[in-house]
Amino acid sequence: MTSPFRTSTGGRIDRATTVEFTFDGQTLRGHPGDTLASALLANGRHQIATSIKLGRPRGIAAAWAEDPGGLVQIEEPFPEPMLLATTVELHEGLAAHGLPGQGRLADVPDSARYDAVHHHVDVLVVGAGPAGLAAALTAARAGARVALVDEQSEAGGSLLSGTERLDDAPALQWVAAAVAELAGLPEVLHLQRTTAFGSYDDGFVLALERRTDHLGAAAPKHVSRQRVWRIRARSIVVATGAHERPVVFADNDRPGIMLAGAARTFLHRYGVLPGREAVVFTTNDSAYDAALDLHRAGVHVQAVVDARPEGSPRRAECERAGIRVLSGAVVTGTRGAERITHALVAPFADGEVGAGSAITCDLLLVSGGWNPAVHLFSQARGRLRYDAALGAFLPGEELDGLAVAGSAAGVPDLAGCLTDGQRVARATLAGPPAADDRLPTAPESAVPTPPLVLWRVPDTSGADGSTSFVDLQRDATVADIARAIGAGLRSIEHVKRYTTIGTAHDQGKTSGVLTSGITAELLAIPVQDTGTTTFRPPYTPVAFAALAGRDRGRLFDPERVTALHEWHVAAGAVFEDVGQWKRPRHYPRPGEDMEAAVLRECAAARTGVGILDGSTLGKIDVQGPDAAVLLDRLYTNLMSSLKVGSVRYGVMCGVDGMVIDDGTVLRLAEDRFLVLTTTGGAAKVLDWMEEWVQTEWPDLRVHCTSVTEQWCTFPVVGPRSRDVVGAVFPQVDVSAEAFPFMTWRDTTLDGVPVRLARISFSGELAFEVYVNPWYAVAVWQRLLDAGRPYGITPYGTETMHVLRAEKGYPIIGQDTDGTVTPHDLGMAWAVSKKKPDFVGKRSFARPANQDPLRKHLVGLLPVDRQTVLPEGSQIVEFRTDGRLPPPPVPMLGHVTSSYRSAELARPFALALVKGGRERIGETVHVPVDGTLVPVEVTGPVLVDPEGARRDG
Amino acid sequence: MQLIACPWCGPREEVEFHYGGQAHVPYPDSPAELSDEEWAHYVFFRDNPKGRFAERWNHSAGCRRWFNAIRDTATYRFERVYRLDDPKPGVTELARSREEGTAP
Ligand SMILES: [Zn+2]
């Protein structure tokens with residue numbers, strides 16, 4: 001079955017194959033090679049939707065990404081909002097409907113794959129039209145590594161839309177030969193359906209390749225749907241062509257009104273007649289091609305309306321064909337219920353519109369000139385200059401590594417575009433061009449009559465510009481621009497934001513320069529003084545899925561797991577993310593929630609024995625004759641006095657005196673330390689050490705290396721831990737006398753080296769067991785086996801937090817926030833008074849750090865023995881009436897850690913409180929869910945303040 | 001995305017680098033002898049010029065070395081990178097390296 005507006009021959013469509021699609025529920029037919037827009041036009045359908053604010057009918061107004069009108073929602077094969085009918089390639093089973101400005105995101109997961117590829121070239125050519133192909137051939141023939149990307153489904157650019165000839169043959173034959181030649185060169189990457197959407201610094205361009213969208217359901221599952229190309233090019237040739245722009249007049253938004261060049265594209269490329277009766281309204285010579293081509297194809301061209309008083313030398317050509325040409329005339333408005341039925345045409349001279357008449361038509365083609373597609377040049381911070389003769393903004397300077405060629409640089413004719421592409425490419429070459437670097441011969445083009453720069457036709461309809469649409473997608477009119485200027489806005493950037501012109505999916509491809517022109521006119525200033533708004537990537541919309549690529553789901557961020565991960569999974573651990581680490585949070589037994597599991601795990605560690613996978617702790621091997629000097633300078637306490645075989649807790653501060661990390665340090669030898677950091681601080685502390693060693697103390701003979709992954713660490717914690725460790729490592733004397741607190745010992749287990757350390761992060765008797773990850777599971781299992789008689793209980797990070805908080809041990813970054821000194825934490829004991837200097841020391845003497853009202857780390861006990869205070873809760877003075885006063889309420893501090901304690905049989909918290917140590921024993925209030933909870937301020941150590949338990 | 005020329009590795013993507021603030025702000029020899037104001041200047045005060053600025057950079061996801069650079073804060077252009085043990089380039093030297101095309 002033939003569609004009513006399909007030509008009988010011609011076009012780049014596969015007429016032998018018919019595909020079925022649905023639009024707004026109606027089943028229609030088209031051909032491979034169609035876009036959704038061309039297939040709809042072939043079926044006589046111009047209207048796509050109604051407009052977002054005014055509900056006016058809107059149709060297809062252009063043939064590619066510059067179309068401001070034809071937004072559709074794709075339903076099949078995969079729901080996708082806000083695509084342009086003009087850029088969606090037709091395929092079997094495509095289902096879509098028109099959108100009034102807003103779409104709907106998919107409510108099912110996107111099962112397609114997206115990926116990214118890095119590519120490095122000598123020359124990147126953007127655009128495979130005449131200039132781009134000439135540039136790519138010249139560069140590739142000279143041996144350069146070339147990438148050629150083009151957003152259309154096939155190469156040719158503007159040649160796809162016309163009847164031009166090269167070397168006395170249809171120009172597309174030359175295009176095919178050029179593509180074949182490029183394909184035969186090994187250093188050439190040629191990508192179609194690939195839009196260069198952003199140009200950045202130093203020759204970096206992002207391009208989106210649509211690899212399978214055009215295949216619909218036939219898309220192979222193993223091929224990524226879209227691919228982001230990250231191209232780094234020594235030189236970039238921007239040969240992106242030009243966008244035709246309309247002229248604004250009253251009621252210029254009806255379906256059936258489109259750009260003149262677009263009609264040529266629909267005719268020549270897709271074999272579609274966009275109407276039966278056409279009026280062509282132009283300010284320049286290019287639209288005459290559309291008039292003559294449509295006439296030859298059987299469209300009745302009612303009139304060519306040329307705004308220029310002198311018209312065009314092509315007038316005679318039209319008249320020979322029987323087409324009426326009205327010079328010095330404009331279209332002042334249109335009629336029609338939905339689609340256009342009449343164009344209102346009137347004489348036009350010196351800016352004045354005369355009395356008009358109506359001409360019947362179902363198609364009104366408009367050409368107001370051409371805007372070079374300077375987006376990539378402008379994104380690379382190239383300055384534009386306004387060309388008053390063309391009424392266009394052109395590249396206004398030479399950029400390093402980026403050149404613009406062809407009609408993107410304002411070159412008007414085919415022969416000129418070819419030579420310009422070659423010229424620009426030759427300038428990128430290190431050596432001479434190839435001997436056979438030949439261009440095809442293009443016919444001489446007629447000397448054109450200069451275009452008339454006409455942004456808008458004065459509104460004689462009485463609507464005062466309120467139906468003269470500048471941005472159809474945003475329903476923004478000349479009246480809106482006038483209103484913006486009336487509101488005092490002068491900058492084009494402000495006018496854009498006030499009117500929202502250029503903020504839709506098309507980013508002002510047709511409306512941007514019009515807005516500059518109309519604004520300049522209304523302000524009575526030159527257009528060059530108005531300028532354009534800033535061009536920013538992306539050139540066309542890019543799906544977030546494509547930008548995310550493979551970095552989704554589990555690949556979004558690396559997952560780090562310890563050697564025991566499989567064991568934890570099998571044991572039913574509930575995991576939490578700690579940085580990139582997956583750490584068991586607790587190990588619930590059947591029927592237990594987290595609270596119950598944590599109370600059980602805590603009780604086991606305090607009364608029997610528990611075991612933790614602490615392998616994520618940061619570990620840094622610090623080696624060299626000056627290792628002790630470095631640590632003395634970076635820790636607040638003295639590390640050089642630490643004996644080999646011993647362990648010391650240390651605090652690290654920034655130069656501002658604020659705590660940045662804490663941990664323990666094992667002295668392995670006179671010139672070697674193992675520094676343990678918090679899990680989250682591991683990378684930061686290594687960076688910190690490197691920074692000081694490299695930038696301030698390069699004379700120190702010391703090296704720092706991360707060994708976090710080289711050691712698994714298992715704290716065995718609780719009164720029975722000595723029995724367990726003693727049983728597994730019988731050659732070690734684990735008695736308190738032989739193996740005292742804060743010492744370490746090396747031993748072996750079946751020949752495997754193991755390090756044991758008496759370090760406690762729980763206040764209980766505890767041994768940390770260090771072993772190479774290869775043997776982690778075996779050693780862990782031995783410890784579990786040996787602990788079975790004592791009910792050894794694996795515990796997770798939640799229990800670890802409760803145990804340490806009960807002892808008042810802060811977590812740096814949870815109980816501190818970058819404004820907390822060691823003194824604030826009650827750790828003056830960890831600050832050396834002997835050392836003449838260390839990083840942060842001088843800041844402790846600053847007046848602000850002497851303030852008695854600084855926030856101190858204290859404990860909080862809710863008086864009701866029930867409420868678990870939410871972490872982050874604010875703390876206020878005790879209110880006798882139990883009610884929060886009107887704001888502002890002075891804040892005393894906030895809750896930093898809060899848990900339910902098995903040992904205390906009540907909830908407790910740690911908090912930073914102003915002058916907190918002076919408030920111990922006082923009651924303060926914590927607002928929780930609208931009520932004030934009274935809490936008692938205590939010291940931070942709530943369990944075993946004497947430290948009696950650590951030796952068992 | 002800019003390329004930054006690490007003096008040790010050559011040009012690399014900017015995401016491999018970490019910014020380290022103003023260069024040539026040495027740790028004071030004797031902090032204890034400084035007044036509170038002098039110390040505060042070392043800790044908190046940095047220049048914020050529009051134009052040429054000597055900065056510290058770290059090739060954190062590469063060789064992990066720190067180096068210095070002269071960068072134009074208005075254009076982001078790196079005019080010169082140099083090792084920590086190199087002296088801060090003078091204006092004439094920068095002009096010369098630009099003419100000779102040796103600036104990165
Ligand atoms: Zn490097």
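Here the structure is a predicted model, which means the values were calculated and not measured. Just so we're on the same page: letters track the sequence lines, and every chain starts at 1.
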Part of [X] lying under 4.5 Å from any heavy atom of chain B:
X	value
R230(A)	neither
Q694(A)	both
D837(A)	side chain
F838(A)	backbone
W692(A)	side chain

Problem - chain A contacts, top residue of H18(B), R64(B), E14(B) (heavy-atom pairs, under 4.5 Å) - result: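 Option with the greatest count: R64(B).
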With only heavy atoms counted, which part of [X] is less than 4.5 Å from chain A, the side chain, the backbone, both or neither?
X	answer
W66(B)	both
R77(B)	side chain
L84(B)	side chain

Practice task
Output, in order, the C-alpha distance, side-chain angles, deciding distance and verdict of side-chain contact (heavy atoms from CB on, under 4.5 Å) for S843(A) and V655(A).
Solution key: CA-CA 7 Å; S843(A) 286; V655(A) 288; 5.6 Å; no
Handout entry: Aromatic ring proximity Y42(B)/Y27(B), centre distance under 6.0 Å
Key =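 When the ring centroids of Y42(B) and Y27(B) are compared, they turn out to be within the sub-6.0 Å range.
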Practice task
May I ask you to decide if the ring planes of Y82(B) and H24(B) are parallel, tilted or perpendicular, using 30° and 60° as cut-offs?
Solution key: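 Geometry flag for H24(B) against Y82(B): parallel rings.
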Problem - Atom pair CZ (F67(B)) and CG (D85(B)), whose distance is rounded to the nearest 0.5 Å - result: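 Here the rounded value is 14.0 Å.
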Practice task
Nearest 0.5 Å please: distance from the NZ atom of K619(A) over to the OG1 atom of T677(A).
Solution key: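 With rounding to 0.5 Å, NZ (K619(A)) is 8.5 Å from OG1 (T677(A)).
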Exercise for the section: Would you sort out whether N58(B) and S60(B) count as a side chain to side chain donor-acceptor pair (under 3.5 Å), showing the intermediate values? Expected result: CA-CA 5 Å; N58(B) 181 14; S60(B) 47; 5.0 Å; no
Exercise for the section: For the residue pair T678(A) and D661(A), confirm or rule out a side-chain donor-acceptor distance under 3.5 Å. Expected result: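 Yes, side-chain donor-acceptor contact under 3.5 Å.
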